[in-house]
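Below is one structure, written out as structure tokens, with a few remarks after it.
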Amino acid sequence: MTGWLTRGLPSAGIYAGPTAWLISTQANYALVPWVCANQIRIIPLVAVMMAAASLLGGFLSWRGYITAAPTPHPDSTGAGRPHRFVALIGVGIALLFTAVIIIHGIAGMVFHGCER
Amino acid sequence: MTQTLAPHDVALDAVPEPTRLLTGQPAGMPGVQSEADAPPDPRELRDDQVDGQELTARLARTWGTRKGIIGALSTVDHKIIGRRYIITAFIFLFLGGLSAVAMRMQLARPESGLIGPDLYNQLFTMHGTTMMFLFGVPIGEAFAVFLLPLMLGTRNIAFARLNAYSYYVYLFGGAMIWFAFMLNIGPDVGWFAYVPLSGPEFSPGKRVDFWAQMITFTEVAGIAVAVQIVVTVFKMRAPGMTLDRIPLFVWAELVNAFIIIFALPAVVTASVMLIMDRLVGTHFFNPAEGGDALLYQHLFWFFGHPEVYIIFIPATGWVSAIVVTFSRRQAFGYIPLVLSMIATGFLSFGLWVHHMFTTGLPQLGASFFTASSMLIAIPNGIQIFCWIATLWDGRPVFRTPLLFVMGFFFIFVAGGLSGIMLASVPIDAQVHDTMFVVAHFHYVLIGGNVFPLLGAVYYWFPKFTGRMMSERLGKWHFWLAFIGFNITFFPMHITGLMGMPRRVYTYLPEMGWGNLNLISTLGATMLFASFVVFLVNVVVSARRGALAGPNPWDAGTLEWATSSPPLPQNFDRIPVVTNREPLWAHRNTLPVVAGLSVENREVIISTATAGRADLKESSPEPSIWPFLAAIATTVTFIGSIFTPWAIVWGGLPTTITLLGWFWPKGVKEDEA
Amino acid sequence: MTASPHQPLSTRLHHNVVLNVRRLPSYGHGSRSSQWWGIMGFCAAEGIGFVLAFGAYFYLVFINGVWPLSSKPPDIYTSTFHTALMLASLWPNYLARKYSEREDLLKVRRYLVIMSVLGAALLGLRVVEIALLHTKWDHNAYGSIVWLLLGFHTLHLVTDVVNTIVLTVLMFTRHGHGRRFNNVGQNADYWTFVVAAWIPLYVIVYLFPRW
């Protein structure tokens with residue numbers, strides 16, 4: 001487990017970010033009637049958990065980038081190292097989707113859930 | 001940046017050692033003697049034994065299409081099918097455009113009697129349906145079918161027979177709905193066919209059934225081509241083309257294919273439920289029996305919003321290709337561009353509820369979709385900035401393709417701004433179903449798809465036909481289209497804010513919308529004229545244009561390494577890729593692979609990430625069966641409009657044709 | 001624009017052969033082959049179809065509150081037997097795939113025959129099962145969605161059973177060697193998908209209305 005954490009997984013962010021966002025969107029959307037009925041602001045909590053999941057994916061991608069082999073050398077366009085490329089994309093995707101998820105959480109702080 | 005290649009950079013583009021280009025793994029499990037590992041038949045001629053003209057001629061014979069009508073219908077050449085696909089999609093674009101011109105004529109003045117309400121309803125339905133399903137989705141795939149194997153350095157698309165089948169199914173589905181329209185049974189319920197209007201109670205007759213079945217046709221074809229694209233990109237790249245050397249256009253088509261695979265099943269589900277409600281008495285959308293009309297909207301828009309990106313994402317590929325070539329430098333921000341495409345692809349699935357803001361959903365629920373709708377502007381913005389940076393840092397050459405890209409920047413950004421306005425619930429509630437929305441999405445769709453598409457036609461026309469299009473006519477075309485478009489659609493923002501609703505066949509003079517509508521119609525005439533110029537340019541250039549040669553634009557991607565138009569085999573030998581812009585890195589000699597068969601259709605299958613050559617699989621021979629299977633499918637689908645039993649008795653001929661398709665015939669296929 | 005559009009037509013890049021692929025295998029098993037990726041692509045599209053149909057089912061549950069509306073829940077015994085048989089079929093299916101990768105023709109034939117018989121039996125059971133649904137598609141929205149789910153899955157079942165039978169026949173002809181083993185593996189993968197789609201369907205259609 002720790003070895004996995006240090007070595008990382010280049011593509012983790014590409015799956016984790018969107019999956020967390022998908023769960024955040026669907027779960028929060030389904031929770032709205034419940035939030036309205038019980039007046040418990042659970043949506044920011046869901047959002048924080050999902051943002052953490054997304055960031056974990058981003059972290060694994062970043063580790064994957066750091067620990068990737070320094071060879072082969074990139075060509076004159078900077079290409080030729082697909083694992084590093086996938087890792088960078090993973091970090092970027094995870095960060096972007098974390099931002100979207102956090103905004104979902106903020107919406108849960110602004111609305112009560114009963115507004116029509 | 002080819003012009004600044006320093007000596008040490010050249011070393012970077014050297015061909016890596018063969019271990020990096022080959023996996024060298026046997027096919028058999030440990031201890032198992034697999035037939036796949038048998039040494040090649042020494043009698044079979046391979047391309048390391050012949051060279052030059054003889055190699056070219058022999059390969060052209062092996063990969064060629066037979067003459068005659070049977071040969072033409074049996075072809076599996078991606079270039080022939082791709083060309084047909086592109087032409088067919090353009091014919092539908094013109095038909096959709098003509099129906100729009102007819103509507104503009106009707107709206108030019110208040111209380112016009114040119115077109116009655118029933119025909120008008122059919123016209124706007126056919127216009128939307130054609131543009132979205134028969135032009136928007138297929139045109140991106142059509143370009144992919146023609147260009148992807150060339151850009152990836154292979155000889156055909158994956159599952160070439162399925163490719164032929166998909167094209168025929170698409171053609172027959174599109175032809176069916178237009179014939180229905182000519183027989184006055186065209187759909188008249190809008191391109192989305194909302195229930196209850198489209199349900200059995202309010203739309204008796206067969207009009208909506210034709211619409212629903214057209215969906216089935218085009219989506220079957222669309223998903224099949226998307227799978228072919230994914231497999232071609234992942235498994236058929238030339239050795240050395242690692243994931244980060246894939247051309248941006250190919251990335252765009254790959255992301256697009258994934259969106260199609262995940263979005264199209266939703267609209268098929270919706271249309272199947274609709275046609276079952278209408279024909280066999282199910283109650284999916286009937287509230288009296290526990291159904292719900294909003295279920296249809298949810299399913300439809302789960303497809304419908306990604307559809308916008310299915311239309312837009314291929315255009316980002318066209319723009320990227322054109323910007324890079326005409327800036328004379330590699331793309332600024334390759335990674336952010338790819339990242340944006342992927343992120344947009346994912347986010348497009350989280351926006352659909354924003355089409356339903358006026359259906360009384362809870363505001364908190366809607367706000368999640370507002371959030372994603374707003375933030376999708378980030379990846380789209382990143383793309384625009386990367387393209388501008390590429391142009392800024394390069395030495396842009398303003399030929400017609402780049403002009404159309406400039407037009408795209410202007411129009412698409414304007415459409416994006418009105419899109420941000422519409423993402424906010426209060427504004428959306430105010431202008432929902434008005435001409436403002438019509439203006440917005442035409443800015444996005446025409447700006448985001450048609451302008452880059454026209455640029456792409458000017459750009460790749462030399463590759464398609466071997467001849468250049470006229471620059472002079474091209475400039476006329478661009479300015480007529482750009483000015484005509486803005487005159488047509490800009491006033492619609494204002495008519496919309498003045499309260500003019502969509503989908504009305506006429507209006508009263510005292511509403512005060514007459515002048516603006518007349519201006520829009522004049523603009524539409526100009527836009528129409530621009531397409532006439534385009535058509536003339538295409539037809540004349542295809543016959544008498546200047547000869548192009550393999551690489552008229554001095555571009556860097558692999559499709560320009562072969563002759564224009566390419567021979568059936570695409571490449572005499574498969575290239576080895578050492579750079580993102582292979583032709584800029586290797587200006588005189590192309591590193592290539594040898595050892596493939598000259599007598600049989602062999603393609604290299606490579607690994608998904610590192611692009612190492614792994615297998616040499618065989619690629620399908622031409623066959624008439626896909627065409628026959630498409631006919632059987634068509635008979636089944638059209639028959640099912642009239643009796644559900646058609647599914648049962650149409651199943652038999654379909655199965656037989658599929659058997660004919662897949663059953664191995666000659667020794668050729670069996671051996672490989 | 002440095003290059004003029006008037007390059008001589010015969011301009012051909014000189015070839016520098018750097019790699020020879022003469023000795024590459026002519027097919028590979030599992031994810032090495034291109035067809036495996038194609039099958040996965042279609043599984044993804046059809047899987048989304050199932051997910052959306054499940055979503056529609058729960059949407060209707062949510063809208064109505066009472067479920068299964070005015071109908072009786074479907075018969076559970078046949079369907080449980082059907083499910084058990086489906087799960088059991090995964091074993092010979094796995095073996096067919098395994099021996100196809102070893103290119104062991106006799107064993108592949110044996111397990112393909114077993115899979116064909118099992119598939120036909122499952123189809124027969126499916127007919128009984130549909131007869132015991134206690135609702136019709138035109139009864140109410142519950143009946144409609146249940147018939148849609150079962151119909152959609154039965155379509156997959158029929159497709160794969162027909163495919164298995166054709167493949168079984170093929171392996172008894174002179175074509176039964178080489179690349180055909182590859183097709184056996186892919187057919188087995190598709191069958192796994194058909195079973196995987198059935199499990200949630202069984203839970204939703206047969207267990208959920210009884211809760």
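Since the model is a prediction, treat every value here as computed from it, not as a measurement. Convention: sequence-line order gives letters A, B, ...; per-chain numbering from 1. Below, all heavy atoms of this structure are taken into account, side chains as well, without hydrogens, waters or symmetry copies.
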Contact part of [X] toward chain C, heavy-atom cut-off under 4.5 Å: side chain, backbone, both or neither?
X	value
B/Leu596	both
B/Val592	both
B/Val593	both
B/Leu299	side chain
B/Met236	neither
B/Leu658	neither
B/Pro18	both
B/Leu659	side chain
B/Ala608	side chain
B/Gln228	neither
B/Ala158	neither
B/Pro239	side chain
B/Val603	neither

*Tell me, out of C/Ser144, C/Ala56, C/Gly41, who's got the most heavy-atom pairs with chain B below 4.5 Å.*
C/Ser144
*asked:* Tell me whether C/Trp37 contacts the main-chain N or O of B/Phe234 through its side chain, where contact means a donor paired with an acceptor under 3.5 Å.
replied: no
So, for [X] and [Y], which heavy atoms are closest and what is the spacing to 0.1 Å?
X	Y	result
B/Gly595	C/Val21	C-CG2, 4.1 Å
B/Ala27	C/Arg32	CA-NH1, 3.8 Å
C/Pro25	B/Asp37	CB-OD1, 3.4 Å
B/Lys235	C/Ser31	NZ-O, 3.5 Å
C/Gly28	B/Leu615	N-CD1, 3.5 Å

Show me, pair by pair, the donor-acceptor contacts under 3.5 angstrom made by side chains of residues 283-293 of chain B, not counting sequence neighbours?
| from | atom 1 | to | atom 2 | distance (Å) |
| --- | --- | --- | --- | --- |
| B/His283 | ND1 | B/Asn286 | ND2 | 3.2 |
| B/His283 | NE2 | B/Gly281 | O | 3.4 |
| B/His283 | NE2 | C/Asp138 | O | 2.9 |
| B/Asn286 | OD1 | B/Ala288 | N | 3.1 |
| B/Asp292 | OD2 | B/Leu294 | N | 3.3 |
| B/Asp292 | OD2 | B/Leu295 | N | 3.4 |
| B/Asp292 | OD2 | C/Tyr59 | OH | 2.7 |

Options [options], ranked by heavy-atom pairs under 4.5 Å with chain C, top entry:
options	result
B/Pro40, B/Ala226, B/Ala263, B/Ser606	B/Pro40
B/Thr282, B/Thr655, B/Thr562, B/Thr607	B/Thr282
B/Gly651, B/Ser34, B/Gly24, B/Ala266	B/Ser34
B/Ile223, B/Leu21, B/Val280, B/Val576	B/Val280

Can you tell if the side chain of [X] reaches within under 4.5 Å of the side chain of [Y], non-hydrogen atoms only?
X	Y	result
C/Ile48	B/Ile261	no
B/Asp48	C/Asn20	yes
C/Leu24	B/Ile605	no
C/Arg179	B/Ser618	yes

_Heavy-atom contacts under 4.5 Å, residues 145-161 of chain C to chain B_ = C/Ile145, C/Leu148
*Does anything in residues 93-109 of chain C get under 4.5 Å of chain B by heavy atoms, and if so which residues?*
C/Glu101, C/Arg102, C/Glu103
_Engaged part of C/Glu46 at the chain B interface, taking heavy atoms whose separation is under 4.5 Å_ = neither
*asked:* Which atoms of C/Ile63 are under 4.5 Å from chain B, going by heavy atoms: the side chain, the backbone, both sets, or neither?
replied: side chain
_My understanding is that only residues two or more places apart in sequence, or in another chain, count here; which of them pass ring-ring contact (aromatic ring centres under 6.0 Å, His included) with C/Tyr142?_
C/Trp67
